Structures are given as structure tokens and as C-alpha cells.
Amino acid sequence: MSKVAVVYWSGTGNTEAMAMAVAEGAKDKGAEVSVVTAAEFSPEQVGQYDAIAFGCPSMGAEQLEEIEFEPMFTACEGRLSGKNIALFGSYGWGDGEWMRSWESRCNDDGANLACNSVICNEAPDDDALAACRELGASLA
Ligand SMILES: Cc1cc2nc3c(=O)[nH]c(=O)nc-3n(C[C@H](O)[C@H](O)[C@H](O)COP(=O)(O)O)c2cc1C
């Protein structure tokens with residue numbers, strides 16, 4: 001059974017709803033899934049999982065959330081080479097720039113982006129939740 005972590009930060013619940021759907025998709029495919037917030041995750045845990053889904057909304061000016069998520073992710077980056085990961089998150093008024101930057105950062109880290117990232121505007125609708133479940137399934 002593959003072990004999948006869903007690691008997320010969410011201020012108003014939109015990315016959290018996406019995280020729950022990602023977890024559901026991975027569980028339905030038979031994975032053992034841990035859902036943890038950015039504050040609960042540390043680089044030492046990266047090696048414990050076969051795959052990791054990272055979720056963070058667009059904050060600041062097209063940036064990752066800077067108090068909890070960004071420091072956690074920065075600390076994990078040295079361990080992502082060759083790792084199966086996927087990215088998801090919600091945004092507001094932008095055009096997804098934060099996700100494009102985040103993806104290229106992961107590529108520079110040598111991570112294996114296992115599927116297309118999922119982004120959605122504010123609260124995820126049914127299509128976005130379905131895409132999140134697929135993202136989870138592709139990591140399982
Ligand atoms: C402080 C702050 C900064 C934000 N900056 C951006 C931004 O640069 N681009 C954007 O598209 N949305 C931005 N947003 C909107 C959020 O990404 C959006 O509301 C998202 O749904 C929040 O997800 P969450 O409910 O998981 O916290 C910002 C929101 C806040 C509160």
C-alpha cells in the first residue's frame with residue numbers, strides 16, 4: 001500500500017476543502033493517507049511517504065503563504081529530488097501566477113510532478129473537487 005501525505009495551508013477553508021478531496025481520491029485508490037497542515041509537517045517526514053500533495057493558496061502578491069507554508073516548503077525542498085509530488089491551491093483575483101512559479105521551483109528541485117496541478121478560483125466547485133480527487137488518485 002502506498003503512503004501519501006496531503007500537506008496544506010488554508011486561511012479561509014478553500015484549499016482545505018481541496019485537500020480533503022485530494023485525500024479522498026488517494027484513499028479510494030487504496031493509499032494510506034495522512035492529511036497534515038503545514039505547521040505539522042517537517043522535512044524529516046518527506047522520506048516517510050511515497051508521494052506528497054502540497055496545497056497552498058495564492059497569498060501575498062502571487063506567493064506562497066509566508067508564515068507557515070513557505071518556511072516548511074523551503075525546508076523540504078532539498079529532499080524533493082526524484083519525489084512524486086503534486087500541487088494544488090485556491091486563488092482570488094490573479095491568473096495563477098503563484099502556481100506557475102511554484103511549479104518551476106519544484107522542477108528546479110528535481111521533483112517529479114506526477115500530474116497537472118489543480119487550481120481553482122476561491123471555493124472549489126464540483127469540477128475542481130473532482131480534479132482534486134483525480135490528483136489524489138494519481139499519487140496513490
Ligand atoms: C493576504 C492575502 C493575499 C492574497 N493574495 C492573492 C494573490 O496575490 N493572488 C490571488 O489570485 N489571490 C490572492 N488572495 C486570494 C486567496 O488566494 C483566495 O481567497 C483563496 O481562495 C484563499 O484560499 P484559502 O481559503 O485556502 O485560504 C489573497 C488573499 C489574502 C487573504
Side-chain angles (χ1 to χ4, degrees):
M1 184 188 286
S2 69
K3 287 185 74 176
V4 175
V6 181
V7 183
Y8 74 97
W9 184 93
S10 184
T12 55
N14 297 330
T15 304
E16 183 170 46
M18 298 175 81
M20 297 310 154
V22 169
E24 195 184 311
K27 273 182 202 155
D28 285 350
K29 274 272 178 176
E32 182 185 327
V33 182
S34 302
V35 182
V36 290
T37 63
E40 295 164 338
F41 196 74
S42 60
E44 295 71 38
Q45 296 175 60
V46 168
Q48 296 170 15
Y49 296 97
D50 300 302
I52 305 174
F54 288 103
C56 185
S58 178
M59 298 293 285
E62 300 298 331
Q63 286 153 345
L64 298 173
E65 186 278 325
E66 65 180 1
I67 307 293
E68 293 179 348
F69 196 93
E70 173 65 50
M72 177 282 297
F73 190 76
T74 300
C76 290
E77 277 185 287
R79 304 185 191 219
L80 295 182
S81 182
K83 196 93 194 166
N84 273 347
I85 68 167
L87 308 178
F88 64 93
S90 175
Y91 65 97
W93 50 85
D95 68 351
E97 182 189 336
W98 105 106
M99 184 56 78
R100 293 193 295 278
S101 313
W102 193 9
E103 286 168 341
S104 64
R105 199 169 148 183
C106 292
N107 284 324
D108 290 347
D109 293 334
N112 176 35
L113 286 166
C115 61
N116 287 335
S117 308
V118 177
I119 66 173
C120 73
N121 188 237
E122 300 296 348
D125 61 12
D126 287 347
D127 286 350
L129 291 173
C132 288
R133 283 192 290 272
E134 266 181 48
L135 182 150
S138 72
L139 290 179

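Fair warning: this is a prediction, and the values are worked out from it, not measured in the lab. Counting starts at 1 for both ligands and their atoms, following the listed order.
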Could you tell me the residue and atom name of the protein heavy atom closest to [atom], and the distance to it rounded to 0.1 Å?
{"atom": "atom 22 (C) of ligand 1", "value": "Pro57 CB, 3.8 Å"}
{"atom": "atom 3 (C) of ligand 1", "value": "Gly60 N, 3.4 Å"}
{"atom": "atom 1 (C) of ligand 1", "value": "Met59 CE, 3.8 Å"}

Using a plain distance cutoff, I'd like to know if [X] has any nitrogen or oxygen under 3.5 Å from a nitrogen or oxygen of ligand 1.
{"X": "Trp9", "value": "no"}
{"X": "Trp93", "value": "yes"}
{"X": "Ser90", "value": "yes"}

Run the numbers for me: atoms of ligand 1, each under 4.0 Å from some heavy atom of [X], listed by number.
{"X": "Gly92", "value": "10 (C), 11 (O), 12 (N), 15 (C), 16 (C), 17 (O), 18 (C)"}
{"X": "Gly11", "value": "24 (P), 26 (O), 27 (O)"}
{"X": "Gly94", "value": "10 (C), 11 (O)"}
{"X": "Ala61", "value": "8 (O)"}

message: Would you say Glu62 and Ser101 are linked by a side-chain donor-acceptor pair, where the criterion is simply a distance under 3.5 Å?
response: no
query: Taking atom types as modelled and ignoring hydrogens, do the side chains of Thr74 and Glu70 form a donor-acceptor contact shorter than 3.5 angstrom?
result: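 Per modelled atom types, Thr74 and Glu70 side chains form a pair under 3.5 Å.
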Atom NZ of Lys3 with >12 non-hydrogen neighbours under 6.0 angstrom: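 Yes - once you tally the heavy atoms of other residues, nucleotides and ligands closer than 6.0 Å, there are more than 12.
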Atom CG of Asn116 with >12 non-hydrogen neighbours under 6.0 angstrom: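 No, CG of Asn116 has 12 or fewer neighbouring heavy atoms, counting only those of other groups under 6.0 Å.
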task: Nearest heavy atom to atom 25 (O) of ligand 1 wins, so pick from Thr15, Asp95, Thr12, Asn121.
output: Thr12
message: Can you check which of Glu122, Glu62, Met18 brings a heavy atom nearest to atom 9 (N) of ligand 1?
response: Glu62
query: Are Val35 and Tyr8 close enough, and set up right, to give a side-chain contact (heavy atoms from CB on, under 4.5 Å), and what steps lead you there?
result: CA-CA 8 Å; Val35 182; Tyr8 74 97; 3.7 Å; yes
field: Straight-line distance of Asp95 CG to Ile119 CD1, nearest 0.5 Å
entry: 8.0 Å
query: Is the gap between the ring centers of Phe73 and Trp9 under 6.0 Å?
result: no
Residue portion contacting ligand 1 (non-hydrogen atoms closer than 4.0 Å) for Ser58: both
query: Is the Trp102 ring parallel, tilted or perpendicular to the Phe69 ring (thresholds 30°, 60°)?
result: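 Perpendicular, since the angle between the ring planes exceeds 60°.
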message: With salt bridge (charged side-chain N to carboxylate O under 4.0 Å, His left out) as the criterion, how do Glu77 and Arg105 come out once you've worked through the C-alpha distance, each side chain's angles and the decisive distance to 0.1 Å?
response: CA-CA 9 Å; Glu77 277 185 287; Arg105 199 169 148 183; 3.0 Å; yes
